[in-house]
Amino acid sequence: MLSRLQQLCAQFDPFRIDAFLVTFPPHLRYMSGFTGSNGVAIITKDGAALITDGRYSVQVREQVRGWKILITQGSLFEKIRAQRLLKPGMRVGFDGNTVLYSQFLALKKMFPKVKFLPKADVVEKLAAVKDANEIAKIRRAVEITDTTFAEILPLIKPGVPELDIAAEISYRQRKHGAEADAFESIVASGERSALPHGRATFKKIANGELLTLDFGAVYEGYHSDMTRTVAVGRIKPEAKKIYAVVRSAQEAAIEAAKSGIRGKELDAVARGVIRKKGYEKFFRHSLGHGIGLQIHEQPRISVMSTALLVPGNVVTIEPGVYIPHLGGVRIEDDVIIGETSCEVLNRSPKELLVL
Ligand code: ZN
Ligand code: ZN
């Protein structure tokens, strides 16, 4: 198995570059192990250098091995120049999705004889294939989320504000070992459940409503992401019907998720089930996304995604149907892509829970 640095350098010839510059913290962490919020890496075939500021002088030396470490109180780019890490005539790749335009201009001005070439998702494509150590961390994050879901179910009652449930999710995930919430929890009840990204509000949960809970935990940098929709008391027959449609779409996609399928093909499996039931226009987001050091990363599973799934990808499968004024249903699990099938990490039940 090539190291992450070796895998990155293996792309230098096809990209016709001599070096790669990294600034985005999750990418820095993936490449070097450094978890600080400010740093620049210059990676060449001859070695890798990481420049950060004085706040991280102790931390960076604990976290990063085998790299040249440089600390500066001033501009990180200025330190690159002072150390002559980039030489005239070099072609330097960088991630065009995360380097700011102002940083690009500063680099061009500071290194007029160096060519800077934007590339898309170079580090993220490496990070899309998880090793055993990363998978163990994601499993732990998912366990924390599953345990928390079981604990909050008894707290869901008419009259309880959505924000109370969101607060309980955060508190309990931390108690079970999460270092943070993976994102601001979605707790959306009643008509608000028709908002795919309805953040928790002061609205009180009421009888007869659907309630969508979408949350996750971070464990050692790695994210989990799960959605369940539950019924509070008796819900309308159509709400039950859309629950059944979303569940069968989600299960069909899990059945189809394996190495060799493209993102858009997998998306089409779930979308096809929903289309057959007449709800396609109410499924208005992509089927899923990679999870790892970021909550949304490669590979994408959407109508447009040509990404080919391979063993070691960890992705979400999350179809949803959202009907204005009625409510919405989404069911989301995290899965590991294998050669001939996928492994579903979440253990939370998927039958409609009536609370
Ligand atoms: Zn989610
Ligand atoms: Zn998600």
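When a ligand or atom number is given, it counts from 1 through the structure's own listing order.
For H289, the nearest N, O or S atom to the Zn ion (ligand 2) falls under 2.8 Å. In summary, D214 places no N/O/S atom under 2.8 Å from the Zn ion (ligand 2), failing the contact criterion.
Using modelled atom types, one finds no donor on one side chain facing an acceptor on the other under 3.5 Å when comparing E332 with Q250. In this model, no donor atom of one side chain and acceptor atom of the other lie less than 3.5 Å apart for T316 and D225. With 3.5 Å as the limit, one finds no donor-acceptor pair spanning the side chains of K264 and S302.
R234 CZ: 12 or fewer foreign heavy atoms inside a 6.0 Å radius.
Looking at E332 and the Zn ion (ligand 1) together, the shortest N, O or S contact belongs to OE1. Within E318, OE2 is the N, O or S atom that lies nearest to the Zn ion (ligand 2). Note on D225: its N/O/S atom closest to the Zn ion (ligand 2) is OD2.
Considering R29, K137, R139, R140 as possible partners of E220, the one that fulfils the salt bridge (charged side-chain N to carboxylate O under 4.0 Å, His left out) test is K137.
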